[in-house]
Protein chains: 2
Amino acid sequence: MNSVEPNVIPFPTIRRFPAYLRLLKDLAGNGKEWISATTLAEDLKLKPIQVRKDMACTGVEGKPKVGFQVSELILAIEHYLGWDDTTYAALIGAGNLGSALIGYKGFVDNGLRIIAIFDKDRRKVGRQVGGIVISQLEDLAETVKELKIHIAILTVPAEAAQSVAEYAVASGIKGIWNFAPKSLNLPDGVVIQKTDLATSFAELSAKLKASE
Amino acid sequence: MNSVEPNVIPFPTIRRFPAYLRLLKDLAGNGKEWISATTLAEDLKLKPIQVRKDMACTGVEGKPKVGFQVSELILAIEHYLGWDDTTYAALIGAGNLGSALIGYKGFVDNGLRIIAIFDKDRRKVGRQVGGIVISQLEDLAETVKELKIHIAILTVPAEAAQSVAEYAVASGIKGIWNFAPKSLNLPDGVVIQKTDLATSFAELSAKLKASE
DNA sequence: TAGATTGTTAATCGATTAACAATC
DNA sequence: TAGATTGTTAATCGATTAACAATC
């Protein structure tokens, strides 16, 4: 790469990165050192040309007839996503979904560590979930500063989402992963990522309809 | 619409439908009868022109200067997604995430009802989650037929996902909502929808990186 | 009527896909 | 060498956005 460009990677490619990463780690675990775009494509049900384009975004160069070095790809993708560093997160909303996320083992692969839990409900404060004591929301700002927390994972009811998000931003949170089914309006510069079950189910519904 | 076309709606539009639907239901709850694309756009942080294009897909016609009838839009979107009918689902994998989904209240708005739970782990069989008794996986085919179950919600570990999915298909399942971090290879005609935490977090990671 | 808003047609943008030369 | 696979350049496709006439 000779260009001075900051190397912007298209979002569709970024969304495919985790699937590549998992497959590559599997391959590495099985002692495989090289992999071709053709094979990756087959396993992930993508077209080889698309995989080659995606791999080009990682900056890793392949060898004709051989493919790409597995370890090199893993490092490049992990580094691009920042998953080789730990991101500390606070979870807000210790309900069903929140507890499930606390218990989710997969986040270690993403360098994501939930190290604090908050809830508005005073009756929950003091209880533990997954070995972490639930704190009162009022302590958020202090904890964010103290533990160098960058992101908040929002698993509160829809009605509370906007106000809690504003409170989180005021407490120093830079990024919000919003699981509440509510679109958030926050100042520019705050990063928002929504994960919405209904959106995903809508896709499934449309596909089912189309397949009939 | 004079066309004979089956009216294919773009996926990006379908993914926006749930957010429209929620907002429209809020509006209806507040007694609002008409809404303009301009206002919808503002609330959802979209461009008015995009909202008008999306609304055109619903088949609902607006009135210049007035907007769209809220109730008409709600019915059209719900009907398109099939959310005005109940879809019966089986959940496979009664772990943390599975239990959270069982407890999730929002699915009623999507016409989704989880009416059976299965797990491979014999020790879990017989226990209850959210008032539903966990059955052994071997009973899946029978239950699918008996309760007219259309989709399976897969919340099993990655290693088990492919084999369990194959088993579900053999048991008569037509659509799979896959929460396991594993790409599934299934026969054509089976509808697959994945919801992957890592994919969503990768987006967040990239946005955070870009915002620095 | 004047003006806000819709709906349509065309332009733009970005991602996917195709074609093919380069290479080990 | 022959052939599989990469990487680049161009073509295609689909969604977003712009421009503007139609309308209540």
Side-chain angles (χ1 to χ4, degrees), chain A residues 1-3 5-17 19-20 23-24 27 32-70 72-73 76-77 199 202-203 206-207 210, chain B residues 1-3 5-17 19-20 23-24 27 32-70 72-73 76-77 199 202-203 206-207 210:
Chain A
M1 283 246 303
N2 299 335
S3 122
E5 280 293 306
N7 190 20
V8 169
I9 300 185
F11 264 94
T13 298
I14 289 166
R15 279 192 286 267
R16 285 187 291 270
F17 273 172
Y20 289 128
L23 183 51
L24 290 165
L27 292 168
K32 205 137 173 54
E33 281 182 47
W34 296 86
I35 190 74
S36 73
T38 322
T39 313
L40 283 174
E42 207 170 305
D43 286 350
L44 296 173
K45 293 192 289 178
L46 302 170
K47 311 227 160 127
I49 173 66
Q50 187 167 53
V51 175
R52 271 182 285 150
K53 280 279 182 193
D54 287 344
M55 293 308 107
C57 291
T58 66
V60 174
E61 282 186 22
K63 277 205 181 71
K65 218 187 154 177
V66 184
F68 300 82
Q69 202 178 352
V70 173
E72 221 185 321
L73 283 178
I77 295 176
T199 300
E203 270 192 76
K207 287 184 201 166
Chain B
M1 286 247 302
N2 298 333
S3 121
E5 280 293 306
N7 190 21
V8 169
I9 300 184
F11 264 94
T13 298
I14 288 165
R15 278 192 287 266
R16 285 187 291 270
F17 272 174
Y20 289 129
L23 183 52
L24 290 164
L27 293 168
K32 205 135 173 57
E33 281 183 47
W34 296 86
I35 190 75
S36 73
T38 321
T39 313
L40 284 175
E42 207 169 307
D43 287 350
L44 297 173
K45 292 193 289 179
L46 302 170
K47 311 227 160 128
I49 173 67
Q50 187 169 52
V51 175
R52 272 183 282 150
K53 280 278 183 196
D54 287 344
M55 293 306 107
C57 292
T58 67
V60 173
E61 284 185 21
K63 278 205 181 72
K65 222 191 150 171
V66 183
F68 300 83
Q69 203 177 352
V70 173
E72 222 185 320
L73 283 179
I77 295 175
T199 301
E203 271 192 74
K207 286 184 202 167

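Letters A, B, ... mirror the listed sequences (proteins, then strands); counts begin at 1.
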Q.
With rounding to the nearest 0.5 angstrom, report the CG to NZ distance, A:Leu24 to A:Lys32.
A.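 One gets 11.5 Å once the value is rounded to the nearest 0.5 Å.
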Q) What distance separates B:Leu40 CG from B:Ile35 CD1, expressed to the nearest 0.5 Å? A)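 B:Leu40 atom CG to B:Ile35 atom CD1 measures 5.0 Å (nearest 0.5 Å).
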Q: Return yes when atom NZ of A:Lys45 has more than 12 non-hydrogen atoms of other residues, nucleotides or ligands closer than 6.0 Å, and no otherwise.
A: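 Yes.
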Atom pair distance, as rounded to whole Å: [atom1] in [X] and [atom2] in [N]:
{"X": "B:Glu61", "N": "D:dT23", "atom1": "CD", "atom2": "P", "result": "12 Å"}
{"X": "A:Leu73", "N": "D:dT6", "atom1": "CG", "atom2": "P", "result": "11 Å"}
{"X": "A:Arg15", "N": "C:dT16", "atom1": "CZ", "atom2": "C1'", "result": "14 Å"}
{"X": "B:Leu40", "N": "C:dT6", "atom1": "CG", "atom2": "P", "result": "9 Å"}
{"X": "A:Leu46", "N": "C:dA15", "atom1": "CG", "atom2": "C1'", "result": "14 Å"}
{"X": "A:Asp54", "N": "C:dT16", "atom1": "CG", "atom2": "P", "result": "7 Å"}
{"X": "B:Phe68", "N": "C:dA4", "atom1": "CZ", "atom2": "C1'", "result": "13 Å"}
{"X": "A:Arg52", "N": "D:dT5", "atom1": "CZ", "atom2": "P", "result": "10 Å"}

**Q.** Candidate nucleotides D:dC24, D:dA4, D:dA19, ranked by approach to the side chain of B:Lys65 - the nearest
**A.**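 Among D:dC24, D:dA4, D:dA19, the one nearest the side chain of B:Lys65 is D:dC24.
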Q | Options C:dG7, C:dA10, C:dT5, nucleotide nearest the side-chain atoms of B:Lys53 | A |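 Nearest to the side chain of B:Lys53 among the choices is C:dA10.
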Q. Mapping A:Pro64 and A:Gln50 to their closest nucleotides on DNA chain C, which lands nearer the 5' end?
A.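 The residue mapped nearer the 5' terminus is A:Gln50.
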Q: Tell me which of B:Ile35 and A:Ile49 sits closer to the 5' end of DNA chain C, going by the nucleotide each one is nearest to.
A: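 The answer here is B:Ile35.
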Q.
Can you tell me if A:Lys47 touches the phosphate of C:dT17, counting only side-chain N or O atoms and a distance under 4.0 Å to OP1 or OP2?
A.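 True: A:Lys47 side-chain N/O within range (under 4.0 Å) of C:dT17 OP1/OP2.
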Q. Are any of A:Arg16's side-chain N or O atoms less than 4.0 Å away from OP1 or OP2 of C:dT16?
A.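 For C:dT16, OP1/OP2 do have a side-chain N/O of A:Arg16 under 4.0 Å.
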Q: Can you tell me the pairing partner of D:dT6 across any strand shown, Watson-Crick or G-U wobble, with both distances under 3.5 angstrom?
A: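 D:dT6 is paired with C:dA21.
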Q. Does D:dT16 have a Watson-Crick or wobble mate here (both distances under 3.5 Å), and if so which one?
A.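 C:dA11 is the nucleotide pairing with D:dT16.
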Q) Mind checking whether A:Asp54 and A:Tyr20 have side chains closer than 4.5 Å, heavy atoms only? A)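 Contact flag for A:Asp54/A:Tyr20 side chains = yes.
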Q. Between B:Pro48 and B:Thr38, what is the shortest heavy-atom contact and its length?
A.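 Shortest heavy-atom contact: CB-CA, 4.4 Å.
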Q: Report which part of the nucleic acid B:Lys63 touches: base, sugar-phosphate, or nothing (heavy-atom distance under 4.0 Å, all strands).
A: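 Since only primed, P, OP1 and OP2 atoms lie under 4.0 Å of B:Lys63, the category is sugar-phosphate.
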